[in-house]
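Have a look at the structure below before the remarks.
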Amino acid sequence: MKLLNLTHDTVGYFDGQPVQQVTIGRPDALQAKILTWGALMQDLRLQLQGGERLPLTLGFDRFDPYPGHSPYFGAVVGRYANRIAGGTFSLAGQTFNLDCNEAEKTTLHGGSGGFDRRIWQIADLSKDHVKLCLTSANGDQGFPGTVVVSCTYTITADTQLEVKFDAHSTQATPVNLAQHAYFNLDGGPDISNHSLQIFADDYTPVGPDQIPTGAIKSVADTVFDFRQPRSFRQMPHAFDHNFVLSEPVLQSNGLRPAARLTSHKSGISMLVQTTKPGLQFYDGHQLNVPVTGHGGRHYGQRAGLCLETQFFPDSPNQSTFPDSILYPDKNYAHKTVFSFGQSNVIRQ
């Protein structure tokens, strides 16, 4: 373990265990605060032209509100991010029953005791990165195999955040991890001054309980066509859907473009690149948090949006979707890079 004498502060307790906070990056560029509870990104700030340090994600200034009021703000979700239909799947002739934590119908983000509600351990820390580790025992939330997971946050440039996941298992099991940040790039009450582009020609339609039907359909001539930037000013449709990323992986870094989010108020843009085949776009239409967030803000409907890079929802039950099963002789590797920039402010 290499901690380089850097500080990690105790900011609260969960089930009697201390919750620690570390800060990486630079206050005059991009800086993140990470908690060991849920390996979550509590705060991400970018210093703007003129010196203002703007929060880019939703969250709470203190730890106390997180266990009772956070809708996965900034957390690492797993063992399986997104939904598994009926809280069940079959593998190698055996059926596994999982914790159904969403209306007692589906398993969402790994169950009620998922990775977002665990204390992770700091394994490595420097001024620009932190690596956190977690062991998920065989039978955890109903999943087979003991899985050892790591999540590494790195400020790779003054305006770039890399999130890297690694995992291995003692037996075959579904693994799908995601960083569940809610982004708002201008500090406004909602994302109405933002536009979004998603680099996807197709999406996966859903049926009851937001479970994919198994089809993969073109976004052309539908409300799911984000191939060109679209403003949220006039977007009544509610989104919580998986998009099939279409751009090729760049061999030089293993990444493909996933999405570009831009605020026309602050001039900040964010490019999301990933090694995974899917992007879950949730527009925050169900947000209504009863306690205040950063800077005393109220987080109501569409206060922020999620761009979760991952395998497709319900892949363990969908034979035509990319395989999300991690085998003992394989390693789960997943990287996502968030790159920020500020152009001239375009006020609408």
Assess the pair [X] and [Y]: is the distance between their ring centroids shorter than 6.0 Å?
X	Y	answer
Phe14	Tyr66	no
Tyr72	His109	yes
Tyr299	Phe73	yes
Tyr203	Phe312	no
Phe224	His241	yes

Practice prompt. With Arg62 as the cation and Phe60 as the aromatic partner, state whether NZ or CZ is under 6.0 Å from the six-membered ring centre and within 45° of the axis.
Written response: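 The answer is no, since Arg62 fails at least one limit relative to Phe60.
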Discussion item. Does the Lys NZ or Arg CZ of Lys276 fall within the cation-pi geometry relative to Tyr332 - under 6.0 Å from the ring centre and within 45° of the axis?
Written reply: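 So Lys276 does make the cation-pi contact.
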Measuring only between side-chain heavy atoms, which start at C-beta, is [X] closer than 4.5 Å to [Y]?
X	Y	value
Cys306	Phe183	no
Val244	Thr204	yes
Ser112	Gln141	yes
Trp37	Trp120	no
Gln273	Ser339	yes
Val76	Asp116	no
Arg79	Val147	yes
Pro189	His298	no

Discussion item. Tell me which one of Gln280, Arg260, Met270 satisfies side chain to side chain contact (heavy atoms under 4.5 Å, CB included) with Leu307.
Written reply: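 Only one of Gln280, Arg260, Met270 forms a side chain to side chain contact (heavy atoms under 4.5 Å, CB included) with Leu307, namely Met270.
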Fill in: From Thr23, Val11, Val22, residue fulfilling side chain to side chain contact (heavy atoms under 4.5 Å, CB included) relative to Lys33
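Of the listed options, the one satisfying the test is Thr23.
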Discussion item. Ile24 vs Asp128, test: side chain to side chain contact (heavy atoms under 4.5 Å, CB included). Steps then yes/no.
Written reply: CA-CA 5 Å; Ile24 60 173; Asp128 293 323; 5.7 Å; no
Item to complete: Decide side chain to side chain contact (heavy atoms under 4.5 Å, CB included) for Lys105 and Asp209; before the verdict, give the C-alpha distance in whole Å, the side-chain angles of both, and the deciding distance to 0.1 Å.
Response: CA-CA 8 Å; Lys105 294 181 178 180; Asp209 305 320; 3.5 Å; yes
Distance-only, no hydrogens or angles: does the [X] side chain make a donor-acceptor pair with backbone N or O of [Y] under 3.5 Å?
X	Y	result
Arg230	Asp225	yes
Asn176	Ala81	yes
Gln197	Leu261	no
Thr159	Phe340	yes
Gln42	Asp61	yes
His194	Leu185	yes
Asn184	Ala303	yes
Thr146	Asn138	yes
Asn317	Thr88	yes
Gln342	Gln49	yes

List the atom of [X], the atom of [Y], and the distance in Å for their closest heavy-atom pair.
X	Y	result
Gly78	Leu177	CA-CD2, 4.0 Å
Asn253	Lys335	O-NZ, 3.9 Å
His334	Thr336	NE2-OG1, 3.4 Å
Leu279	Ala259	CD2-CB, 3.9 Å
Gly87	Thr107	CA-OG1, 3.2 Å
Glu308	Ala178	CB-CB, 4.3 Å

[X] and its side chain to side chain donor-acceptor pair (under 3.5 Å) partner, picked from [options]:
X	options	value
His129	Asp124, Thr154, Thr156	Asp124
Gln31	Arg53, Arg45, Arg26	Arg53
Arg118	Thr135, Thr36, Asp140	Asp140

Does a donor on one side chain sit under 3.5 Å from an acceptor on the other, for [X] and [Y]?
X	Y	value
Gln179	Tyr153	yes
Asp190	Gln301	no
Ser195	Ser231	no

Discussion item. Show, in sequence, the C-alpha distance, side-chain angles and deciding distance for Asn82 and Asn242, and conclude whether the side-chain hydrogen bond (donor to acceptor under 3.5 Å, both in side chains) test is met.
Written reply: CA-CA 10 Å; Asn82 219 307; Asn242 172 67; 6.0 Å; no
Discussion item. Can you tell whether the side chains of Asp240 and Arg83 come within less than 4.0 Å, N to carboxylate O?
Written reply: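 Looking at Arg83 together with Asp240, the answer is yes, because their closest N to O distance falls below 4.0 Å.
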Linking I/L/V/M/F/W/Y whenever their side-chain heavy atoms sit closer than 4.5 Å, directly or via other members, would [X] and [Y] fall into one cluster?
X	Y	result
Tyr13	Phe63	no
Leu35	Val130	no
Val77	Ile211	no
Ile216	Phe281	no
Phe338	Leu132	yes

Item to complete: Go through the steps for Leu56 and Leu30 under the test side chain to side chain contact (heavy atoms under 4.5 Å, CB included), then give the verdict.
Response: CA-CA 10 Å; Leu56 304 175; Leu30 187 64; 4.1 Å; yes
Worksheet item: According to the interplanar angle, ranging from 0 to 90°, do the rings of Tyr282 and Tyr182 count as parallel (below 30°), tilted (30 to 60°) or perpendicular (above 60°)?
Response: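 Correct class here is perpendicular.
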Got a second to check how far [X]'s [atom1] is from [Y]'s [atom2], nearest 0.5 Å?
X	Y	atom1	atom2	result
Asp201	Ser246	CG	OG	3.5 Å
Asn101	Thr106	CG	OG1	6.5 Å
Asp283	Leu196	CG	CG	10.0 Å
Phe232	Ser192	CZ	OG	10.0 Å

Practice prompt. List the steps, then state whether side chain to side chain contact (heavy atoms under 4.5 Å, CB included) holds for Thr57 with Met41.
Written response: CA-CA 9 Å; Thr57 58; Met41 184 165 59; 4.2 Å; yes
Worksheet item: Got a sec: does the CG of Asp221 have more than 12 other heavy atoms crowding it under 6.0 Å?
Response: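 Counting neighbours around CG of Asp221, 12 or fewer heavy atoms of other residues, nucleotides or ligands fall under 6.0 Å, so no.
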